[in-house]
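Worksheet: the structure to be examined is printed underneath.
Every chain is numbered from 1, with letters handed out A, B, ... down the list of sequences. We use all heavy atoms of the structure for the numbers below, so side chains are in, but hydrogens, waters and symmetry mates are not.
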Amino acid sequence: MPEVGTDNRELLVTGRGRFIADIAPDDCVDVCFVRSPLPHAVIRSVRLSSSQATWGAELGLQPLSLEAGAMVTTLWHPMPTERVRYVGEPVAMSWGASRYEAEDLAEAISVDYAALPPGTPLHDEAPDDVLFSRSFDSGGVDEAMAQAHLVVERTFKAARQSALPLEGRGVVADHDETSGVTTLWTSTQLPHLVRRGVAHALGAPESSVRVMVPHVGGGFGLKATLYVEEIALAALARRLGTPVRWIEDRTENLLAGTHGHDTRVSLRVAVGVDGRVHAIDADVLADVGAYSVWPGTAVIEPAIAAFSLFGPYALEAVRFRARAAASSRSPVGPCRGIGHNAAVFATERVMDVVAAELGIDPLEVRRRNAVRDFPWTSPTGRELDSGDYLALIRRLEEASNYQGLLREQAQARSEGRLVGIGVSLFNEITASGSADYRRRGVTSVPGTDAARVVVTAEGRVEIYTSAADAGQGHAETYRTLAERELGLRPEEVDVIEGDTALCPEGSGTFISRGAVGVMESVVEALRKAAKEDFEPGTDVTHVHDPSQVYPSGAHLAVVEVDPVGHVPHVVRYVAIEDCGRMLDRDLVEGQVRGGIAMGIGEMLLEEHTYSEDGQLLTSSLRHYLPPLAPDVPAVEIHHLESLSPITALGSKGVGEAGTIGAFGAIANAVVDAVGPLGAELTELPYSPERILGAVRGEPPRVAS
Amino acid sequence: MTVNGSRWSGDVPARQTLCDFLRDELELTGTHVGCEQGACGACTILGDGEAVRSCLMLAVQADGMELTTIEGMGEPGNLSTLQAAFLRHRAFQCGFCTPGFLASAAEILGSGRRYSRRELRDMLSGNVCRCTGYEPIVEAVFECQR
Ligand code: FES
Ligand code: FES
């Protein structure tokens, strides 16, 4: 959403924002989708029963083929005509003067399905249902295992979850016959990629689609893929010649918005007598749902998870196999902390197991293993640009009064209370450049970010970027930057984002690229404009191709589990964050605090579950439980700023760190709390049922 | 009924929810819909001074009531004390939950009592915020009690 003159925050706090559901052009019709009630079935026939309804066979959409290295090429069929592959997949649509009318008409549509037997492969191209598989071996793993003082072996399972932005998705499409351009308002993090994907599916040139992004009520990854509904609405607007709109309801959002995580990590770890971890051997298996969604979601979760294992620790040898398996469930897409969460959960649990087995303090075992010299190249080829992990641990120890906490815990335990302390040390990869995508075989994501700075005749400075804001506060950050770096007054700076007709092309907003690639391009473009003294008429663009950088952090949580109901409660949370140079401390802390709240929810409450016959059991907020105010403590945040030597400002990104760190700290705190009862939990979320099950010694449910 | 101080009378479809009526008929789009299931609190408005979920009520049930939506609480350049506190404390990021929280908070402040932060957390547990981690919202409301 452009932010010209006014401060959008005043609009938002007075209810004057413009979100997707607030856009209702004259003569606009409301659309309702008919979705598959079956997990896997052949479509035998469709009876529409009205002229205000249509389905895939009439829309003539092109399937999109998925590209990525080490992956079977499968086709993604928007509005399929032959087969449905998950409950909630859109099959037909109806429209009327209101959503109420559209729903009435949808009820009259009948689709005849023939259910396919369980076990039928989802894609003919992938008879074993494996959509992606990648192996890595640095050499030396077997030797390290043979010489190890201790080999720890564990399997962990991160649950299937939803990023659950409070605002669901929505699309408004309008086609202009004269210019031939279809304008698509959509609540997305990826304006340019949506334009490209929609144009492909329509078989139309990209220039005939304009994507505009209104205020976005949160994204967290759920709004970072191309969706069938965006394609279908564009096609319908072209056909009807009137504006059409679809506003998702919460059930659709939980059913058909991408899910997150759902990853199993099995680890074997070779440990020396001093607690040093020398080598790991890992198997990562992600259930990515029915499709790899364009431009190739299946790869991301398992690949990032595998590469992120033991991220901050100085391993000598690594072997892994990472796979994505298709299932007749909703597709899995990006979700705050993608891949990292499962990796940090498994890694940090294992570090605590090592500490316990060898009688070493958890902070000490991390100190012994942490990477010390930067830049550092991991056995998997990751180049850690910067950081100071020992300082993170030291600050955590001081800020939390760790020794005091241990004494308090001993006291609480002697009173029979179940109090646990958990720590985590982590790093994360942010921003990926064109080379990273090409290496993975992905050609549709440019990997670059761009900014254009224009000085108007009146002397106002306009910043156009390739990103889209979903509440992170981009405009505010750019204005601060313009003020700090170049002495511009914030009032004279306008920020225009989320309009493919005006903004330079780039990758969008995900994997925390905002603070890295986008920010770099803004700074460089501003510097170029400064060389021209911000003369009216100045018009400069900077395209930045970022390199991966590694922000890091150390978290500590104190959790108390009530001994009767086994409800875990987070009573204290301390976070030390290092995202390099902070451009705006308040915005950084907002991201960290919000991220930790999400992490607490995902660790303790949130889980999508399916019945045996493939129905989603958590399709309402009565069953899918996000954390509420009493579930989250006040978070104590402290900062370290180890500047990245490879970014212009030294910053490294922060959008996901809070969530990632919580996956380690909360996991360890809960296990520590119930440790005296002899329970070790390996499956998320740590709900009261699971805790009770572990306390009773029941085996974890089979990870499907 | 009265909405933000103005009287309104007319016919509404029997099945229309109050939030849809406010948004579609009166074009008061500041009332947001996050779930239509009574679980997220985004649609909360004030009805006769009490916080009500406008997705769980039909428009016809609001017959004769006095309603206040976010549009009636302040405007850009003329913020209410609570709205100013929300801005200062950064009690929102995307802003989608904000109208609902402001209504819930207005009801709490209307009681004239002072609550602890912990009590406020419990009292605000009918509203979901996915962005902020709640702390700045609690702080903003806490401050306005003084
Ligand atoms: S929309 Fe009314 S409670 Fe969620
Ligand atoms: S600010 Fe985004 S949901 Fe609360």
Side-chain angles (χ1 to χ4, degrees), chain A residues 6-19 21-22 24 98-100 163-168 215-220 247 249-251 253 469-473 586-587 589-598 600-601 620-622 626-635 658, chain B residues 13 15-16 20 23-24 27-40 42 69-80 83-84 86-87 90-99 102 117-118 120-139:
Chain A
T6 50
D7 178 352
N8 274 356
R9 301 201 316 133
E10 284 223 348
L11 297 179
L12 292 174
V13 82
T14 55
R16 269 81 171 175
R18 188 143 70 126
F19 293 89
D22 307 338
S98 68
R99 169 86 184 210
Y100 294 75
L164 200 81
L166 190 57
E167 177 203 36
H215 282 134
V216 174
F220 314 114
I247 306 300
D249 68 25
R250 185 54 66 186
T251 301
N253 177 259
D469 194 15
Q472 302 96 327
D586 285 343
L587 287 178
E589 294 194 349
Q591 286 295 317
V592 171
R593 198 177 281 120
I596 288 169
M598 193 177 283
I600 289 173
S620 90
L621 289 188
R622 299 254 171 245
L628 301 169
D631 301 319
V632 182
V635 175
Chain B
R15 64 179 176 172
Q16 189 172 41
D20 285 347
R23 294 179 48 84
D24 298 343
E27 296 185 11
L28 296 172
T29 53
T31 297
H32 295 156
V33 180
C35 71
E36 294 175 282
Q37 297 158 341
C40 78
T69 68
I70 177 79
E71 287 86 352
M73 296 182 191
E75 50 193 278
N78 184 22
L79 302 182
S80 72
Q83 285 169 327
F86 264 57
L87 261 190
R90 291 176 183 266
F92 61 93
Q93 288 171 25
C94 76
F96 199 77
C97 67
T98 312
L102 287 168
R117 289 181 170 86
R118 176 179 285 255
L120 286 178
R121 277 186 188 267
D122 285 337
M123 297 176 80
L124 290 168
S125 67
N127 292 68
V128 174
C129 175
R130 195 60 159 167
C131 299
T132 64
Y134 300 103
E135 193 176 334
I137 299 175
V138 173
E139 289 303 317

Hey, which of [options] has the most heavy atom pairs under 4.5 Å with chain A?
{"options": "B/G95, B/G34, B/A42", "result": "B/G34"}
{"options": "B/G30, B/S125, B/G126", "result": "B/S125"}
{"options": "B/R130, B/Q37, B/R23", "result": "B/R130"}
{"options": "B/E71, B/E36, B/M123, B/R121", "result": "B/R121"}
{"options": "B/M73, B/H32, B/E27, B/R118", "result": "B/H32"}
{"options": "B/C131, B/P13, B/P99", "result": "B/C131"}

Heavy-atom closest contact (A/L621 atom, A/P626 atom, distance)
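Closest pair (atom of A/L621, atom of A/P626, distance): CD2-CD, 4.3 Å.
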What distance separates [X] [atom1] from [Y] [atom2], expressed to the nearest 0.5 Å?
{"X": "B/I137", "Y": "B/L120", "atom1": "CD1", "atom2": "CG", "answer": "11.5 Å"}
{"X": "A/R9", "Y": "B/F86", "atom1": "CZ", "atom2": "CZ", "answer": "12.5 Å"}
{"X": "A/S98", "Y": "B/D20", "atom1": "OG", "atom2": "CG", "answer": "8.5 Å"}

Heavy-atom proximity to chain B below 4.5 Å, by part of [X]:
{"X": "A/A24", "answer": "neither"}
{"X": "A/Y100", "answer": "both"}
{"X": "A/V13", "answer": "both"}
{"X": "A/V635", "answer": "both"}
{"X": "A/L166", "answer": "both"}
{"X": "A/R593", "answer": "both"}
{"X": "A/P627", "answer": "both"}

Quick one: of A/G17, A/G590, A/G219, who has the most non-hydrogen atom pairs under 4.5 Å with chain B?
A/G590
Examine distances only and state if a side-chain atom of [X] and a backbone atom of [Y] form a donor-acceptor pair shorter than 3.5 Å.
{"X": "A/R99", "Y": "A/I247", "answer": "yes"}
{"X": "B/Y134", "Y": "B/C129", "answer": "yes"}
{"X": "A/E10", "Y": "B/G77", "answer": "yes"}

Given A/N8, which of A/R16, A/R18, A/H215 fulfils the side chain to side chain donor-acceptor pair (under 3.5 Å) condition?
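By the side chain to side chain donor-acceptor pair (under 3.5 Å) criterion, A/N8 pairs with just one of A/R16, A/R18, A/H215: A/H215.
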Under a 4.5 Å heavy-atom cut-off, does chain A meet the side chain of B/L87, its backbone, both or neither?
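Both parts, backbone and side chain.
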Segment of B/E139 engaging chain A (4.5 angstrom heavy-atom cut-off)
neither
